[in-house]
Structure formats: structure tokens, C-alpha cells
Chemist: 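One structure, pasted below without further comment.
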Amino acid sequence: MTESALSLASDFPTPSREHWLAAVDKALKGAPFDKKLVTHLYEGIAVQPLYTRQDWPGEDDPSGLPGLAPYTRGAVAAGAGPQGWAICTEHDAADPQAANQAILTDLLRGATALRLRLDKAARAGLDGDDIRAGGLAGQDGVMVYSIDDLDTALKGVLLDLAPVALDAGAQVLPAAAMLAALWRSRSIEPDQARGAFNADPLATLAETGSLPVSLDRSLARMAELAAWTAEHWPHVTAVGVDTSATYDAGATETQDLAAALATGLAYLRSLVAGGLGLDDACRQISFTFSVGCDQFLSIAKLRAARLLWARVAEVCGATPPARAMRIHARTARRMLSRRDPWVNMLRTTVAGFAAGLGGANSVAVVPFDALLGPSDDFARRIARNTQILLQEESSLSKVADPAGGSWYVETLTRQLAEAAWTLFQDIEGRGGMAAVLLDGWWAVQLARSWAARETNIAKRKDALTGINEFPNILEQAVARPGPDIDTLRRQASVRLAPARAEVAVFGCATMDDLVEAAEQGVSVGRMAAGLADGSGLSIVPLPRHRHAESFEGLRDAADAHKAATGAWPVVFLANLGRVAQHTARATYAKNFFEAGGIQALGNDGFQDAEGCVRAFADSGARIAVLCGTDAQYEALAEPFARALKAAGVRTLFLAGAPGDKRDGYAAAGVDSFIAVGCDVLAILRSTLADLGVAL
């Protein structure tokens, strides 16, 4: 028996791009190619419907190989490796004991790293019982004010196995001192400790609008921390570049990348000026990126980030091994919604998928209920298991750079890198990241980007499931009650009292001094006071936006109206003819108005205007929308409109584009038209105002 090679492709002619374009033109039936099939990103990049070898820049592979410069395809030759990327869980529960329970549960059930965020009081340099900490204590973080509090939060955690990253804002030195003191108290050897202190003064300035000391002093202290860390803790990084403040202010992916580059370069210069060698300085910096649920764009973003940073480090003179970027990816908060929060599970799954494929070293999936209060155990379990499923069941970590070689992903990676590099050069030409933050230029750029996105959301060009598309006005609210902050503050005061009595005065000249103070129980507030020098800096912080915020604001107003009056504002669907005839437009109208909290009152349709008028009168509504086919509108829209207006309809809408019938419909009483491309948000706002809803 002989074997012959099976070749199916040889039996068919090889199609050319011209053949494909001809087939596309036939399918489009005269519609413009660029309008129907080309997608324009906020980055100014036009995404084509098809990518081929023609889009590849030459015969060579510009992305190289995983583990080799320029590291586009990852910093490790084997990709994520047998263990996959680090599954990181981020913790911000106010009560240190509650945080500890969540941490242990996560670590016992699949997490491999953790990130601890100190509360607003600690990040502001205040102890929780300080009179100035009212409104800050227990907010957006764990109430950790001393080494004992940190010990409580990390009780039972094997610190030689689980990397611990800190998020302490301006108080990174006291926080780092507490963690180092805790490592020492638990006899963790220097080469056993794993973690990140995450000194990031520019991010702190962008997020909060203030620093306790001048920017120059903040950068100098960051450099001192990095030098001390490099000397004492070989597997710990001191400096973090977290662009969350920029991303949450409305940045495009290009702007996010440019901000990371400019910030990283500013820090690199400070570390070298502080005495570190260039390679050591590079190794002291880690990056945190927010990742959205645009799958391919997010994959390309992380690949482009490594390519760009490798180029920056190369130009500065770093050796190839030191040019590899370390990335922690977090599913973006700005894409999360408070309404229909269950959809957040899908958003974060796609974002986590993209982060893994994009080659992040560690990934944190934000729980779906993160905007509603302290996440419960169920939400944390789903977030944690999302990553476990992606790694162990979907096998995403088994292949190095699985998106590599895709004509689309490679092209998009290159386009993002080129656009970000141009913007990075612009920032540098303006004096660097600090300069554009201080003079307000960066805030203006982000505001423009956010305005463009907000316009598309308002018009539903950017669809948000459960928000501006397919809202569920009858959904049951998800409640996440917060802790008793007053009780937690009193408990914190009792914990801090002994150290305050024993240590009256202390010096904070060096990190070693701070570690010694932390070992004695000196609090964050006391250390912060000792570090302050009166040279603080204040600017207007960057705003924080979410994609769903405008529509959710309307829903909140409608809910308040319901609470005050006993009923939602309503719209009557004046459905024409049979169900099959009006369903499409009625569904469109229902989604349209309920996105703003206006309940749509449906029915099976009407054959005559008299029946429609009677049903409208019985509904108690004051506005109505005609729903039917274009053919029905030609015959019925005008008589129905005249009858409904005569019956007292205050505002009458017609679902669909009127075309050349607009004047006739308007003369009959139609006040407005709702169709694809209209400003949904503006129409909903004006309608709610007409219905007496306070906005």
C-alpha cells in the first residue's frame, strides 16, 4: 500500500486580494467599503477587515523570538512557562482581619501573588484615628497603620512563597519599611523575599493632586529607596509605573503607552542620578497597565509596551537582558458598570484573556462587584477562577505568545508602538511627564479623548451591554454593605496606643531608620510626619471616568423619582399592526428609553388609532413612541400621530429614520425621531426633564 500526500489547496485556484475585493463589493451592494468594513480606533488607527502577508514589513520577523530583544513576544523564552503568569489578587477590604481572610482564601485556592492597597488615610500620611482622617479611614484600602496591622493582614501568608506588592501612594517609604520589618520579624532571608514597593510619585500626583514633599524630593527619595532595595532585597522592585490614573481619565491605549514610557524614563533618570547603574535601575522598575475588553487591541498594547520600553532602555545604554519590561496587568475599572454588574464577569474574562495572551507577568482580575462596595467571597472566587480556567482549562499559558504571527496583531502592535512613540517624543519635547502634568497639558489631551469616547457612548456607537444597550430596568440591585468604620477606627486607636506611649520621638534619616522605627511599632502617621518637610506640591488631580457613568446617572435619577413618587417615568409604545410588524422597532424603542430609566409600556399592537388612544389614556403615560415598519408609517404614522397628540401626548417620538417624510410626520404631530446615530443620551436627558425627573 502506498501513501500519497493529501493536498486540498492545490485543487483550487489561489484567490487574490482583487478577487476578494470583488466579492466584498458584491456583498456590500454599493455601500461604501470604508464606512461598512473599516473600523477607526480612538488611536487614529484604521482597522482593516482583512490582513495578509502584504501587511508584513519585509521578510524578517520584526517581533523577534520570545525571551530575546526587543521582547515584543515576551521577556521569557518559554513564555509564561509551566506555571503560567502569576495569578494576583488585589485587596482593599477596610478591616485587616477581613482582608487576611480574603488573602488566605485566595492563596489557598489558586492565587499565587497578592497586592495590598492601604486606605486613603494611610496613603495621605494619617493614622485612622487622627481627627483629620474622617472620611479617609477605611476608604479604598486596608486600615494598615503599623507593623502589627500589616502582620494581621498577612497572618498565615508564607512570605517566602507569595510575592507581596504594596499600593501606598505618597507613603511608600513607611509602607516599605513596615513590609521589610515584617520580613525580618518572620526571618525571611533577603533572597527569599518577593514583592514590589511601587514608589510612583507621578502616579500619586496625577491621582490625588498632591505630594507631601516637592517632586524633586519625592524622586530623590524614590531613588534612595531603589538603591536600598537593590542592596538588601535582590528579588524586590522599588519603583512602579502605574498608569491607572491616566487610563481612568479617558486615555486611549496610545496615550496610556506614552505616559508609561515618559514616566518610566523620568524614573530611570532619577535612579541613575541617585547612583544606581543603568541595568540595576532598569531592574528596579515594574509597570502596571489597565487592560480593557477590546481583545486584540489589549493584546497588541502589551506587546507594544515591551517593544517600546526595550527601545528606551536600549537608547539609554542598558544591556539586552535589562531591557525586558515586567508587566502587571489589571482588568480596567473604567469598563465596569454598577448597573447589571453580572456583565462585568464577561468583560473581565475577555480582559484577563487578553492580558494572558499579551504576555503579562502577572494578572489581576477585578471582581465584578468592585464598584458596589466590599467584594464578597462569591465575587472574589469568580475573579480568581477566571484566571485559573484561562490557564488550566483553556491552556493559554502553554504557548509562548500565541497571538504572534497574526498579520492583524503584528500590524496593530506596530501601529500602536509607532503612534505611542510619536506622542512620547511630544511629551519629552514639552519637558517630560512631570512637566505636562504640572502645566495641565496632559489633562487637556485626556479630556479630549474622553469627550470623543463619551460622544460615541452617548450615540451608542460604543455599545455597553446592560447600560446603553439591552438594559434591565427591573433588575434586582446587588448590595454590598460596608463595614462599621467608626468601630474600626476605635479599634485602630487602641492598637496604636502602646507604640505611641513607648516611642515618643524617632529619626527618619534613612530607610534603615524607618525600618527600625517600624519594628518598634511607629505608625504610618508618625513616620509620615517625620518625613514631611513643608515643601508639598498640589495640582488639580486627573478626573476619574467610567464608560457607563452618564447613563447610570440617568438611571439613578429615575430611581430617585420612583422612590419619591412610587413609579418610574414611563413611555407608551404605540405599536402599529401585528407583533411581527412592530417588534423590531418596539424592541429598539424599549432599549432606547429604558437605558435612561424610562419604563417602556408595551402591548400587542393596534390596527386603528382609536384603540391606540384608549390604551394610551389607560397607561397614564405622557409621552409615546410610534413603532412599526417603514411601510406602515407611510399609511398610519400621520393619522396615529394626530390622534395621539389630540389625546394629550406631550412628546411623540417615531422609532426610525423618517427620510423624506420628516416634514409630513412633524406636521402631523411627531416631535422627535429616534434612530441609529442619534444622540441617545441627550434625548433621554431632555425627556426625563420633561417628565419632571430631577437630574
Side-chain angles (χ1 to χ4, degrees), residues 41-43 74 80 84-90 106 110-111 113 115 242-257 260 287-306 327-338 340-372 375 379-394 396-397 401-403 408-409 412-413 416 453 457 462-467 544-549:
L41 304 180
Y42 291 103
E43 286 69 21
W85 62 83
I87 297 176
C88 182
T89 55
E90 300 183 337
D106 284 343
R115 186 164 177 147
D242 187 341
T243 57
S244 296
T246 282
Y247 202 71
D248 289 342
T252 65
E253 310 302 334
T254 296
Q255 289 172 325
D256 199 41
L257 289 169
F287 291 77
T288 295
F289 287 104
S290 295
V291 177
C293 59
D294 186 322
Q295 172 182 303
F296 293 108
L297 184 61
S298 296
I299 293 170
K301 172 182 174 177
L302 298 189
R303 299 173 89 250
R306 287 191 297 273
I327 295 178
H328 171 65
R330 173 193 298 123
T331 56
R333 283 182 175 265
R334 78 180 192 187
M335 69 178 177
L336 301 183
S337 62
R338 291 188 292 107
D340 203 355
W342 313 103
V343 180
N344 292 333
M345 295 185 194
L346 307 179
R347 296 185 178 109
T348 56
T349 297
V350 175
F353 174 89
L357 260 63
N361 301 95
S362 63
V363 178
V365 171
V366 177
F368 77 90
D369 61 351
L371 301 181
L372 305 175
S375 296
R380 298 198 66 85
R381 177 168 64 88
I382 294 298
R384 183 179 63 244
N385 285 350
T386 295
Q387 292 204 59
I388 295 173
L389 185 148
L390 289 173
Q391 283 193 5
E392 298 186 5
E393 294 190 35
S394 300
L396 294 190
S397 61
D401 187 29
Y408 173 37
V409 173
L412 187 56
T413 297
L416 281 176
R453 189 181 300 273
I457 292 172
D462 287 0
L464 306 177
T465 304
I467 304 300
R544 298 186 69 179
H545 293 298
R546 289 185 302 105
H547 296 168
E549 63 185 28

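Scope of the values below: all heavy atoms of this structure, side chains included, with no hydrogens, waters or symmetry mates.
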Chemist: So which heavy atom on Leu464 is nearest to which on His547, and how close?
Modeler: CD1-O, 3.4 Å
Chemist: What's the shortest heavy-atom distance between Gly352 and Thr331, and which atoms?
Modeler: N-CG2, 3.9 Å
Chemist: Are any side-chain N or O atoms of Arg380 and backbone N or O atoms of Pro367, one a donor and one an acceptor, separated by less than 3.5 Å?
Modeler: no
Chemist: Between Lys301 and Leu257, which heavy-atom pair has the shortest distance, and what is it?
Modeler: O-CD2, 3.6 Å
Chemist: Find the distance between CZ (Phe289) and CG (Asp242) and round it off to the nearest 0.5 Å.
Modeler: 9.5 Å
Chemist: Determine whether more than 12 heavy atoms belonging to other residues, nucleotides or ligands lie under 6.0 Å from atom CZ of Arg544.
Modeler: no
Chemist: Let me confirm one number: the OG-CG distance from Ser397 to Leu357, rounded to the nearest 0.5 Å.
Modeler: 10.0 Å
Chemist: Give a yes or no on this: more than 12 heavy atoms of other residues, nucleotides or ligands lie within 6.0 Å of atom CZ of Phe296.
Modeler: no
Chemist: Decide side chain to side chain contact (heavy atoms under 4.5 Å, CB included) for His545 and Arg453; before the verdict, give the C-alpha distance in whole Å, the side-chain angles of both, and the deciding distance to 0.1 Å.
Modeler: CA-CA 11 Å; His545 293 298; Arg453 189 181 300 273; over 6 Å; no
Chemist: Provide the closest heavy-atom pair for Arg306 versus Gly359 in the form atom of the first, atom of the second, distance.
Modeler: NH1-O, 3.4 Å
Chemist: Using atom types as modelled and distance alone, determine if a side-chain donor or acceptor of Asp462 lies under 3.5 Å from a backbone N or O of Ile457.
Modeler: no
Chemist: Could you check whether any side-chain N or O of Gln391 sits under 3.5 Å from a backbone N or O of Trp85, counting only pairs where one atom can act as donor and the other as acceptor?
Modeler: yes
Chemist: For Ser362 and Arg115, what are the C-alpha separation, side-chain angles and deciding distance, and is it a side chain to side chain donor-acceptor pair (under 3.5 Å)?
Modeler: CA-CA 11 Å; Ser362 63; Arg115 186 164 177 147; over 6 Å; no
Chemist: Take Arg330 and Ser244 through the test side chain to side chain donor-acceptor pair (under 3.5 Å) and record every step on the way to the result.
Modeler: CA-CA 9 Å; Arg330 173 193 298 123; Ser244 296; 2.8 Å; yes
Chemist: Within the distance-only criterion (no hydrogens, no angle test), does the side chain of Thr252 pair as donor or acceptor with the backbone N or O of Glu43 below 3.5 angstrom?
Modeler: no
Chemist: Heavy atoms only: give me the nearest Phe368-Ala379 pair and the separation to one decimal.
Modeler: CE2-CB, 3.5 Å
